[in-house]
Amino acid sequence: MVRRWKDLHDEVKEQDTLLGELTKAHAPDLIEAFGIGVDTAAEVLVTVGEIPERIGSQAAFANLAGVCPVPASSGKTSRHRLNRGGHRQLNSALYRVVNVCMRFHQPTIDYVARRTAEGKRKQEIIRCLKRYLAGRSTSTSRSSNHPQKRLANYRSVNAVAEALNGV
């Protein structure tokens, strides 16, 4: 059983290395951004590759990711809430990046402190940060030179890595 675990562990490491190489080749600017790792960048690339015709603008990408603001106003209050729809894996990846930035990225820490002082709740701040990150991610992934048609065949991050074994 230990040998089987070691073989699987080595295979996972090899797949992670191959996924890193492919992602760095297709979106080096995205990986260089603070808090975005290979897995998150690959998730963005896979999402863009799955449905390239739905992503005509940053707002469309934000809607696809489930990070666009949804009006939740009533009476005299004007506010927005988190969108519960969208691509759940991409939304989760953006949430992880926002959490990393909120803990370790000084400009984001300052932004959170400023918005908290303005009376915003943590959920609202996270929504704003995810929306900003989605806009930045889509512009970076579109400006990079990755072929969307090739990525359109992949339905998950694991499929991208698995395809590299056949290349």
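This one's a predicted model, so the numbers in the text were calculated from it and none came from an experiment. Values reported hereafter were calculated over all heavy atoms of this structure, with side chains retained and with hydrogens, waters and symmetry mates removed. Quick note: residue numbers are just sequence positions, from 1.
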Participant: Are any side-chain N or O atoms of T23 and backbone N or O atoms of L19, one a donor and one an acceptor, separated by less than 3.5 Å?
Facilitator: yes
Participant: For V97 versus F34, what's the shortest heavy-atom pair and its separation?
Facilitator: CG1-O, 4.2 Å
Participant: Hey, mind stepping through E21 and L18 against side chain to side chain contact (heavy atoms under 4.5 Å, CB included) and telling me if it holds?
Facilitator: CA-CA 5 Å; E21 291 171 5; L18 293 172; 4.0 Å; yes
Participant: Do you know the tightest heavy-atom contact between H105 and T108?
Facilitator: ND1-OG1, 2.8 Å
Participant: Output the distance between atom CD1 (I36) and atom CZ (R96), rounded to the nearest 0.5 Å.
Facilitator: 11.5 Å
Participant: Report yes if some heavy atom in the side chain of V12 is under 4.5 Å from a heavy atom in the side chain of Q15; otherwise report no.
Facilitator: no
Participant: For Y95, is the OH atom crowded, meaning more than 12 foreign heavy atoms sit under 6.0 Å from it?
Facilitator: no
Participant: Shortest non-hydrogen contact from A65 to L94?
Facilitator: CB-CD1, 4.0 Å
Participant: Around atom CZ of R103, are there more than 12 heavy atoms from other residues, nucleotides or ligands closer than 6.0 Å?
Facilitator: no
Participant: Does the distance from a Lys or Arg side-chain N to an Asp or Glu carboxylate O, for K6 and D10, drop under 4.0 Å?
Facilitator: yes
Participant: A134 and V67: which non-hydrogen atoms are nearest, and at how many Å?
Facilitator: CB-CG2, 3.6 Å
Participant: Would you indicate whether the side-chain heavy atoms of L8 and E11 approach each other to under 4.5 Å?
Facilitator: yes
Participant: Working to the nearest 0.5 angstrom, can you tell me the gap between L64 CG and N91 CG?
Facilitator: 10.0 Å
Participant: Whether E118 and R115 form a salt bridge (side-chain N of Lys/Arg under 4.0 Å from carboxylate O of Asp/Glu) is what I want to check.
Facilitator: yes
Participant: Consider only side-chain heavy atoms of I, L, V, M, F, W and Y, link residues closer than 4.5 Å, and tell whether V100 and L129 are in one cluster.
Facilitator: no
Participant: Would you say S92's side chain and R88's backbone share a donor-acceptor pair under 3.5 angstrom?
Facilitator: no
Participant: For T40 and A93, which heavy atoms make the closest approach, and how far apart are they?
Facilitator: CG2-CB, 3.9 Å
Participant: First locate atom CD of E43, then atom CG of D39, and finally report the distance between them rounded to the nearest 0.5 Å.
Facilitator: 9.0 Å
Participant: Just how far is it from atom OG1 of T17 to atom CD of E14, taken to the nearest 0.5 Å?
Facilitator: 7.5 Å
Participant: For Y111 and I125, which heavy atoms make the closest approach, and how far apart are they?
Facilitator: CE2-CG2, 4.1 Å
